Amino acid sequence: MNRTTFRARYGASPLHLLLTLACFALALYAGIRLLKGDTIGVAIWFVGVALVHDLLLLPTYSLTDRAAQRLFRGRTAEPGPRPSVNYLRVPLFIAGVLFLVWWPLILRQGGHYTAYTALSADGFLARWLLITAGLFIASAIVWLLRTWLHLRPVRKKGRAQTRARSATK
């Protein structure tokens, strides 16, 4: 079977299928390793996480995204999503994931962290805030550069028209 036939039947490249199967294999391995210990506790944790996500987090970030979409709509009434919102989504998502992973230490709820690691639990909030600020600053720089590069041909065309008008006078 050649690539064109495979793509027509499967809908994507063979590499996509290979990566998808590798992800499933990794998830199966992780699930088997995870369930070797406290099976009931892990099952309760998964159900709890699914409920918290579906009932609390999903509506929260959906409403936040809609508010950001309206904020970035500006004066244009064009329907559809605004790509500029992604410059808020990405740093906010990364900062949120970092917070979810490190929240006990960020909120000084670390418990026995110092006893287990012999490291100080101080400074996690400041570091998380600095990382979050850095992510938003980097995102703003990328947004400004892309906007500037996108408007560059428009400015160049406008200058050329101005020169053409002044040359004909």
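Along the sequence shown, residues are numbered consecutively beginning with 1. Worth saying up front: this structure is predicted, and the values here are computed from it rather than measured.
Under a hydrophobic-cluster definition in which Ile, Leu, Val, Met, Phe, Trp and Tyr are linked whenever side-chain heavy atoms come within less than 4.5 Å, directly or via other members, Val101 and Trp103 are assigned to the same cluster. Under the 4.5 Å side-chain heavy-atom criterion for grouping Ile, Leu, Val, Met, Phe, Trp and Tyr, Val90 is connected to Ile131 within one hydrophobic cluster. Note on Val142 and Trp148: separate hydrophobic clusters, where clusters join Ile, Leu, Val, Met, Phe, Trp and Tyr whose side-chain heavy atoms are under 4.5 Å apart, directly or indirectly. A single hydrophobic cluster is not seen to contain both Val85 and Tyr61; linkage of ILVMFWY side chains at heavy-atom distances under 4.5 Å, directly or through other members, places them apart. The same ILVMFWY cluster, assembled from side-chain heavy atoms under 4.5 Å apart, contains both Leu105 and Leu129.
Within the model, atoms CG of Leu21 and CG of Leu26 stand 12.5 Å from one another, a figure rounded to the nearest 0.5 Å. To the nearest 0.5 Å, atom CG of residue Asp65 and atom CG of residue Leu92 are 10.0 Å apart. Between the CG atom of Leu135 and the CZ atom of Phe93 there is a distance of 12.0 Å, given to the nearest 0.5 Å. With rounding to the nearest 0.5 Å, the separation of CG in Leu130 from CG in Leu125 is 9.5 Å. Atom-to-atom distance recorded for Leu17:CG and Arg7:CZ is 12.0 Å, nearest 0.5 angstrom. Rounding to the nearest 0.5 angstrom, the gap separating the CG atom in Leu28 from the SG atom in Cys23 is 12.5 Å.
In this pair, Phe124 and Trp102 present their aromatic rings parallel. The plane angle is below 30°, not in the 30 to 60° band.
For Ala95 against Thr132, the heavy-atom pair with the smallest separation is CB-OG1, 3.5 Å. Between Arg127 and Asp122, the closest heavy-atom pair is NH2-O, 3.7 Å.
The neighbour count for Leu55 CG, taken as heavy atoms of other residues, nucleotides or ligands under 6.0 Å away, is above 12. Around atom CZ of Phe46, no more than 12 heavy atoms belonging to other residues, nucleotides or ligands sit under 6.0 Å away.
In terms of modelled atom types and a separation under 3.5 Å, the side chain of Thr20 and the main chain of His16 share a donor-acceptor contact.
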